[in-house]
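Some notes on the structure that comes next.
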Amino acid sequence: MRRRIKVLGAAAALTIVAPLVLVSGSAASAAVTTATCNGMASPARLDAVSYADRLVRAWGRGDRPATDCYASAATARTLFGQATPGGIHWRRVSAEGAAGTIYVTYHDDARGGNLTIGVQNVGLRESDGWHAAYTARFQEEPRAWGPVAWSDNLVRAWGRGDKTWMSYYATPAVVSSLTHISPTGGPSWRRVAAEGAAGTTYVTYHNDANGHQLVLGISNVGLSQGDAHAAYRIQYR
């Protein structure tokens, strides 16, 4: 039987329909040293929802030691495998309980996916309270891309004339510039260089059909915070 927990100001709770992989707390404890966690306020009596909030904030800012304290080793790997750091745009939308675990769900307001964290309820945790977040599951959350892959995805979307995905990867100004060049970029763009400067990665493409060159500027800060529209500069010649 599941017990619904009301979250003030949040949307209706989402039902978890697929099983989550369980990892024991003892297996997780090797992820960090006892001294690291002991330097933080004990979470042993912290309610599960607040516990999950702290974990998501730690992951969001890229704080690996704190994340490893709140999460099991497998959960931390899942989170940082998706994005490093997680970003600032995760909003809690629901929480519900089942068999001693509270499942807390967050929505990514920047990219549209969901994350559900499973936290052992108070009284079922290890004595020190750490590693109680032992499940993490993403739903419809786009995997984080590095700046070069992000730029490649934008060029591919433009190449096939897919303005919906162009508008996801790039700012309106960049989308407008690309579609002004051509509504459909075509298949002849080849990446020839990528270099970073002042928080931006500049990715250069050569068009093997007509000889033109395209340079896209991708915001590294935007990507690190989970933003869409990270392609914000363009040069075409």
Side-chain angles (χ1 to χ4, degrees), residues 2-3 5-10 13-14 16 18-111 113-139 141 143-144 221 223-226:
R2 295 193 172 198
R3 177 167 55 87
I5 297 177
K6 292 182 179 179
V7 181
L8 295 179
L14 304 180
I16 309 303
L20 302 177
V21 178
L22 307 185
V23 178
S24 68
S26 59
S29 59
V32 291
T33 65
T34 301
T36 299
C37 298
N38 285 347
M40 301 165 58
S42 172
R45 305 303 301 173
L46 190 67
D47 69 271
V49 174
S50 297
Y51 192 107
D53 286 351
R54 291 188 184 183
L55 168 60
V56 171
R57 285 196 293 267
W59 169 58
R61 64 179 179 267
D63 187 341
R64 187 63 188 250
T67 300
D68 285 342
C69 285
Y70 287 110
S72 69
T75 297
R77 283 196 302 269
T78 296
L79 293 173
F80 283 109
Q82 179 73 18
T84 305
I88 62 176
H89 301 291
W90 291 98
R91 172 174 52 88
R92 174 163 36 89
V93 294
S94 70
E96 60 179 4
T101 297
I102 306 300
Y103 296 100
V104 189
T105 297
Y106 302 83
H107 181 74
D108 185 343
D109 287 335
R111 303 195 300 167
N114 290 329
L115 165 65
T116 298
I117 301 289
V119 180
Q120 289 175 318
N121 216 342
V122 175
L124 298 177
R125 304 170 190 170
E126 294 183 358
S127 58
D128 59 9
W130 297 116
H131 316 300
Y134 68 106
T135 72
R137 179 169 180 245
F138 289 96
Q139 296 171 299
E141 170 70 6
R143 183 169 292 278
V221 174
L223 286 183
S224 73
Q225 295 180 342

Worksheet item: Would you say His131's side chain and Asp68's backbone share a donor-acceptor pair under 3.5 angstrom?
Response: yes
Worksheet item: Taking C-beta and beyond as the side chain, do Arg57 and Asp63 meet within less than 4.5 Å on heavy atoms?
Response: no
Practice prompt. Considering non-hydrogen atoms only, spot the tightest contact between Ala58 and Ala66 and give its length.
Written response: CB-CB, 3.9 Å
Worksheet, complete the sentence: For Ala95 and Ile102, the nearest pair of non-hydrogen atoms, with its separation, is CB-CG2, 4.4 Å
Worksheet item: Looking only at atom types and distance, does a side-chain atom of Tyr51 sit under 3.5 Å from a main-chain N or O of Tyr70, one as donor and one as acceptor?
Response: yes
Item to complete: Rounded to the nearest 0.5 Å, what's the gap from CZ on Arg92 to OG on Ser50? Could you check?
Response: 7.0 Å
Item to complete: Of all the heavy-atom pairs spanning Ala76 and Arg64, show the shortest one and how long it is.
Response: CB-NH2, 4.3 Å
Worksheet item: Donor-acceptor pair, Tyr106 side chain versus Asp53 backbone, under 3.5 Å?
Response: yes
Practice prompt. Please determine which of Leu79, Asp108, Thr105 meets the side-chain contact (heavy atoms from CB on, under 4.5 Å) test together with Leu115.
Written response: Leu79
Worksheet, complete the sentence: Between Gly62 and Pro85, the two heavy atoms sitting closest are N-CB, 3.2 Å
Worksheet item: Quick check: does any side chain N or O of Arg125 sit under 3.5 Å from a backbone N or O of Pro43, one acting as donor and the other as acceptor?
Response: yes
Worksheet item: Would you say the side chains of Thr101 and Tyr134 form a donor-acceptor pair under 3.5 Å?
Response: yes
Worksheet, complete the sentence: Here the pair of heavy atoms bringing Asn121 nearest to Ala48 is OD1-CB, 4.5 Å
Response to the item:
What one should report as the nearest heavy-atom pair of Met40 and Cys69 is SD-SG, 4.0 Å
Discussion item. Using a 3.5 Å distance criterion without hydrogens, assess whether the side chain of Trp59 forms a donor-acceptor pair with backbone atoms of Ala83.
Written reply: yes
Practice prompt. Ignoring hydrogens and angles, tell me if any N or O in the side chain of Thr75 forms a donor-acceptor pair with the backbone of Thr135 under 3.5 Å.
Written response: yes
Worksheet entry | Nearest-0.5 Å distance, OG1 of residue Thr116 to CD of residue Glu96 | 8.5 Å
